[in-house]
Amino acid sequence: MPPAIDSAAGLAAAVLAASTPRAAAAAVSSVADFLRRHHSGADQPRAFFADALPALLFRLFVSSSPASPCFLDLAAGDAALADLIASLLAPSGPLLVAISAADRHSLARFTFPRERLPDWLGFALSSTAASSDKVISPLLAGRVGSKLHLSVFEYYLFWFAYYPISAATAKAAAGASKGSTPTSKPSLKPRVLLESLVSTLASTAGRNPDRKPDRSLYLKLLYAYLKEFVPSDCAPPRGGFGTLLHRNVRDGVDAAGSFRRAEFFVHTLVQFWLVGDDFSPLPVRTCRSYGLPLLSLLSRSNPTLSERLPAPGLGDAVKLLVMYLNRSSVCKLADAGNVFDGMLLRKESCDSPAGYWNPLMQRPLYRFVLRTFMFCSRDADIKNIVLVFSAWMVYMEPWKAQQDDLNEYDLPPPGGRNVNCVSDGKMQRCDVGYSPAWQGFVLSNYLFYSSLVVHFLGFAHKFIHSDVASVLQMVSKVLEVLGSSELLGLIYKVDAAYHSRVSDSQSCCLDDVLKYVPTIREQLQDWEDGLSKHSTDGSFLHMAKNSSLRLFSFDDDGAYNLLQLLLLRAETEIQHLPGDAMQTRHTLDVIKSNMRKVFYKHVESFQAKNLPEGEHKQHHGRGDLFVPKHPSPGKNKLADMKYSGDRMLRPISDTEVAWLARLLICFSAWLNETLRLVHADADAVPTGPTIIKIDQNEPSRVGGPKDAARMVLVGVFTLLTVAAQWILQFMRNHKIRINLRILASKKLLAVAAMLCMVYGIAKNMLS
């Protein structure tokens, strides 16, 4: 035993000291040789798990600083090191074999650092209420006091899931140390991002067999673990097994133990990646049922948490997770029937894994995508947003999931080469579209196809000036997904039922849709719980709770009008693009064509119901707005554009100082509310004469100069008050509001600064 302890301590020192690819390769080889020498069933080296394993996992998955990258980062530029790490960490590799044996003999327990846990898990550990922990999340089943005790396998999974967050933190630190260096090449950004975006979006529809992307080692390991720990035939036991993760069930003994391992793995990925620092990590109903004031307490302890962006760089990993679970749905759909049908109404999971994982993913993934769109700043790297957008698109089209899309994530076999052959039948399945068999899935995830689309358009308005080509590519992809005739018919049918636009003759035909409306309303309030941001920041989710679907709304914040305004702004931006913009113009034409397909029928029906007969004839050709047409050089100038919404809440333009505009908008809103200029009712304000009752018994007296001066001051004050009341009454009658936003104009500020300079110079000259 002493030699093993000394050897384990030497391994830990060698691993911690390795800072170059060569040293890292030597350390990984030493660990693999040590585990192979000591692999003997009942005689597992405790010293390795006590001393070497924590150091190994830290160096594998944590980049402590930009100058000290972890082993996975070092392997990105060294193929030999990547092969060694893949051999060590593979599901059948020596490390996981030793970990499985250690858990089988209960050799060690670990506590994960609380500062590296998702915020809400750390808060739950610091709270005193622990009676419902196992019900709230299986990750808290191992809680002992204020610590989380994990098996060796669970401890490894926590570090594995933490790697993308650690990598994002290291990149953010590197970017902060370089200052403005990342934005020093604006001329190369549009073309590079457009090419990257096109390739990313193309991969969501089907893989090109002639092109095999070079996936990172981490993604290949993730796919290997998903295949090993979450196989497609993994299902919960029929009889149930009570509370998750019972400690007296050994891994691999029965199906229940295998499923608990799969469930713990998926929960770990969801909590670390999708939930992360979300200040509303649990459904509202769960919080109310167990009396958990998580939203208020977390926001109070960390005021910046409510607008914290999800960790960048998670898009690739989230996309792979969604692709794999979608593929499981496709594999089981034919055997299990429509496994999603009735799942939304029962509010419980199905026995089939195709239906079991979906409720677990819905809310965290929706809030993950929405927080990315809402809280990203204008100077954020759009590549990270494109990856999140791609994961959203993959989730919306599970019927397009193909095994060929996942084959590129396979680890290379120990002997050598991968064999990639694609048959004609597989290539034909890449064109599979929506079918009625997926109706249950769409209904249970309806907000992904409706409300999230409107929020995405708000994000598009925020980024249209930064990268018009990438934004238009994303908008085109969204409209392409919605443009499927059968899918669009289902989406509009649910929207009509949601807004009660169904006649009695149609209600009997829509019974299968009407029964989902109450649950969709509850999902809308729950999934967007607490998420709000001012309209001028690019999001069209106002401070009030979002209580309606606006995909087919014709209000100023509906998808139809948002797209109209976006196209006008895009045409102006295209005119200022350097070089040839034919590809971007073609994308704009495609958007107009798809927009006509999605909205034209509903625009016509809306106009027929709401416009007078003569005006309807005059506007009958409004659908011609969507006919693809290149903007002419002398038209569609920025000055000619009209914003049909609230002028005070219009998107911030380049001619304004952004921070000053936001400050003045908030101050103007406060003044309007204080002076009752917002939705004021003129009839509610008294306009008649004021009757003053005078006491006749009060003795009269003659005053001196002081009383006369007081009367004059009172008279002047009364006159000013009457004038102010008359002005306010006039503004209420004519629905005029205070708008100080004009003071944020750069031209006005430049004139004011120039006048101040002239005044200062003149004063100095005269003095």
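When reading the values below, keep in mind they use all heavy atoms of this one structure, side chains included, and skip hydrogens, waters and symmetry mates.
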List the residues meeting side-chain contact (heavy atoms from CB on, under 4.5 Å) with [X], not counting sequence neighbours, and say none if there are none.
X	value
Arg22	Thr20
Ser92	none
Thr111	Lys147, His149
Ala161	Thr268, Leu269, Phe272, Trp273

Using side chain to side chain donor-acceptor pair (under 3.5 Å) as the criterion, list what pairs up with [X], not counting sequence neighbours.
X	value
Arg116	Tyr162
Tyr155	Trp159
Tyr218	none
Tyr223	Gln403

If the threshold is 4.0 Å, N to carboxylate O, is there a salt bridge linking Asp316 and Lys319?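 Answer for the salt bridge query: no.
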Salt bridge check, Lys477 against Glu397: does any charged N sit closer than 4.0 Å to a carboxylate O?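 Here Glu397 pairs with Lys477 in a salt bridge, since their nearest N and O are under 4.0 Å apart.
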Using the benzene-type ring in the case of Trp, are the ring centres of Trp392 and Phe389 under 6.0 Å apart?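 Yes, the ring of Trp392 comes within the 6.0 Å limit of the ring of Phe389, centre to centre.
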Are Phe110 and Phe158 an aromatic pair, judged by ring center distance below 6.0 Å?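 Not close enough - the centres of the two rings lie 6.0 Å or further apart.
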Walk me through it: do Arg363 and Ser280 pass the test side-chain hydrogen bond (donor to acceptor under 3.5 Å, both in side chains)? CA-CA 10 Å; Arg363 187 181 191 269; Ser280 180; 3.0 Å; yes
Using modelled atom types and a 3.5 Å cut-off, is there a donor and acceptor pairing between side-chain atoms of [X] and backbone atoms of [Y]?
X	Y	answer
Tyr324	Val230	yes
Thr372	Phe368	yes
Asp278	Arg367	no

The criterion is salt bridge (charged side-chain N to carboxylate O under 4.0 Å, His left out); which residues satisfy it with Arg59, sequence neighbours excluded?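 Partners of Arg59 by the salt bridge (charged side-chain N to carboxylate O under 4.0 Å, His left out) criterion come out as none, since no residue qualifies.
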Once salt bridge (charged side-chain N to carboxylate O under 4.0 Å, His left out) is applied, do any residues pair with Lys227, and if so which ones, sequence neighbours excluded?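 For Lys227 the salt bridge (charged side-chain N to carboxylate O under 4.0 Å, His left out) partners, ignoring immediate neighbours, are Asp410.
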Under the side-chain contact (heavy atoms from CB on, under 4.5 Å) rule, what do Leu148 and Leu125 come out as? Steps first, then yes or no, please. CA-CA 8 Å; Leu148 193 61; Leu125 290 176; 4.1 Å; yes
Quick one: do Leu11 and Asp51 satisfy side-chain contact (heavy atoms from CB on, under 4.5 Å)? Show the steps, please. CA-CA 8 Å; Leu11 279 178; Asp51 299 333; over 6 Å; no
Does anything in residues 69-86 pair up under side-chain hydrogen bond (donor to acceptor under 3.5 Å, both in side chains), and if so which pairs, sequence neighbours excluded?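 For residues 69-86: Ser63-Asp73, Asp73-Tyr163.
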Taking the side chain as every heavy atom from C-beta outward, state whether Leu89 and Leu96 have any pair of such atoms under 4.5 Å apart.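 Not touching, per the 4.5 Å side-chain cut-off.
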Partner residues of Phe463 under the ring-ring contact (aromatic ring centres under 6.0 Å, His included) criterion, sequence neighbours left out: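 Applying ring-ring contact (aromatic ring centres under 6.0 Å, His included) to Phe463 gives Phe459.
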